Amino acid sequence: MAAFTVTLTAGTHLGPYKITTLLGEGGMGHVYRARDSRLHRDVAVKVLPQAFQTEAARERFQREARAASALNHPNICAVYDVGEAAGHPFLVMELLEGKTLRERISRSSLDGATILALAIQVADALDAAHSKGITHRDIKPANIFVTARGDTKVLRSEERRV
């Protein structure tokens with residue numbers, strides 16, 4: 001993946017989404033907290049890297065976003081919107097409060113009951129995706145979010161319809 005050459009600043013608009021702060025960055029893009037001016041709620045906006053500037057990559061991204069948005073499950077991060085503004089393809093998702101499972105286990109070990117509860121939630125989310133013909137392809141602790149309430153959310157990755 002190509003590296004980012006631009007970081008969006010607070011106040012930048014991507015369609016109806018006003019960027020407020022950078023939440024994180026990785027190989028698949030930068031994730032920002034933003035305000036949805038239509039629904040008056042905070043959301044997470046993932047802005048994709050320069051590698052998504054080709055037509056084929058954009059079409060693939062659109063297909064994957066449609067597949068992910070078809071999933072409605074309490075343990076799968078909800079996809080609200082997909083778009084492009086000022087040459088930046090982006091994906092809008094529910095804003096989650098908490099930490100990734102990777103962050104949680106790097107700070108302390110988890111007891112058996114917690115591990116089992118999290119594993120059941122992840123398995124249920126994957127079962128829901130598989131029943132719709134969607135395979136995640138990158139399940140790992142960094143793609144599993146644990147909310148402040150202790151619930152898991154499987155984060156979007158390179159989904160594929162089977």
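Sequential numbering from 1 along the given sequence is applied to the chain's residues. Everything numeric here is computed off the predicted structure, so don't read it as measured data.
- Here the side chain of Ser37 pairs a donor or acceptor atom with the backbone of Pro16 at under 3.5 angstrom.
- Not one N or O on the side chain of Thr12 forms a donor-acceptor pair closer than 3.5 Å with the backbone of Ile19.
- Minimum interatomic distance between Gly15 and Ala85 (heavy atoms only, all atoms of both residues): N-CB, 3.7 Å.
- To the nearest 0.5 Å, atoms CD1 (Ile115) and CD1 (Ile120) are separated by 12.0 Å.
- Closest approach of Thr135 and His130 over heavy atoms only: CA-CD2, 4.2 Å.
- A 4.5 Å side-chain heavy-atom check between Ile144 and Ile139 finds at least one atom pair inside the cut-off.
- Closest approach of Ala142 and Leu155 over heavy atoms only: O-CD1, 3.9 Å.
- Side-chain atoms of Glu59 never come within 3.5 Å of backbone atoms of Ala56 as a donor-acceptor pair (strictly under, hydrogens ignored).
- Under the 4.5 Å side-chain heavy-atom criterion for Ile, Leu, Val, Met, Phe, Trp and Tyr, Val31 and Leu48 are members of distinct hydrophobic clusters.
- Nearest heavy-atom pair, Val79 versus Ala65, reported as atom, atom and distance to 0.1 Å: CG1-O, 4.3 Å.
- Under the 4.5 Å side-chain criterion, counting only non-hydrogen atoms from C-beta, Leu101 is in contact with Leu110.
- For residues 143-153, the salt bridge (charged side-chain N to carboxylate O under 4.0 Å, His left out) pairs, not counting sequence neighbours, are Glu94-Lys153.
- Contact of the Tyr17 side chain with the Val43 side chain is registered, since non-hydrogen atoms from C-beta on lie closer than 4.5 Å.
- Of the charged side-chain nitrogens involved, none lies within less than 4.0 Å of a carboxylate oxygen, so that Asp42 and Lys18 do not count as a salt-bridged pair.
- Side chain to side chain, Asp36 and Tyr80 fail the donor-acceptor criterion of an N or O pair below 3.5 Å.
- The CG atom of Leu23 sits 12.0 Å away from atom NZ of Lys46, with the distance rounded to the nearest 0.5 Å.
- Judged as a salt bridge (charged side-chain N to carboxylate O under 4.0 Å, His left out), not a single pair has a partner in residues 107-123 (not counting sequence neighbours).
- Between Thr100 and Pro141, the closest heavy-atom pair is CB-O, 3.9 Å.
- Neither Val122 nor Leu116 shares a network with the other; the hydrophobic side chains, linked directly or stepwise wherever heavy atoms of I, L, V, M, F, W or Y lie under 4.5 Å apart, form separate groups for each.
- Thr9 OG1 to Tyr32 OH: the interatomic distance, rounded to the nearest 0.5 Å, is 8.5 Å.
- Side-chain contact between Val47 and Leu14 is present, with heavy atoms from C-beta onward closer than 4.5 Å.
- Once rounded to the nearest 0.5 Å, the distance linking NE2 of His73 with CG of Asp127 reads 7.5 Å.
- Residue Arg102 qualifies as open at atom CZ: its count of foreign heavy atoms under 6.0 Å is 12 or below.
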Derivation and outcome, side-chain contact (heavy atoms from CB on, under 4.5 Å), residues Val146 and Lys99: CA-CA 5 Å; Val146 182; Lys99 297 180 181 350; 5.8 Å; no
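- Linking Ile, Leu, Val, Met, Phe, Trp and Tyr residues whenever their side-chain heavy atoms come within less than 4.5 Å places Leu8 and Val45 in a single cluster.
- The line from CD1 of Ile134 to CG of Leu126 is 11.5 Å long, rounded to the nearest 0.5 Å.
- Between Glu25 and Leu22, the shortest heavy-atom distance links the atoms OE2-CD2, 3.4 Å.
- For the pair His40 (side chain) and Arg35 (backbone), a donor-acceptor distance under 3.5 Å is absent.
- In this structure, CD on Gln121 lies 8.0 Å from OG1 on Thr147, to the nearest 0.5 angstrom.
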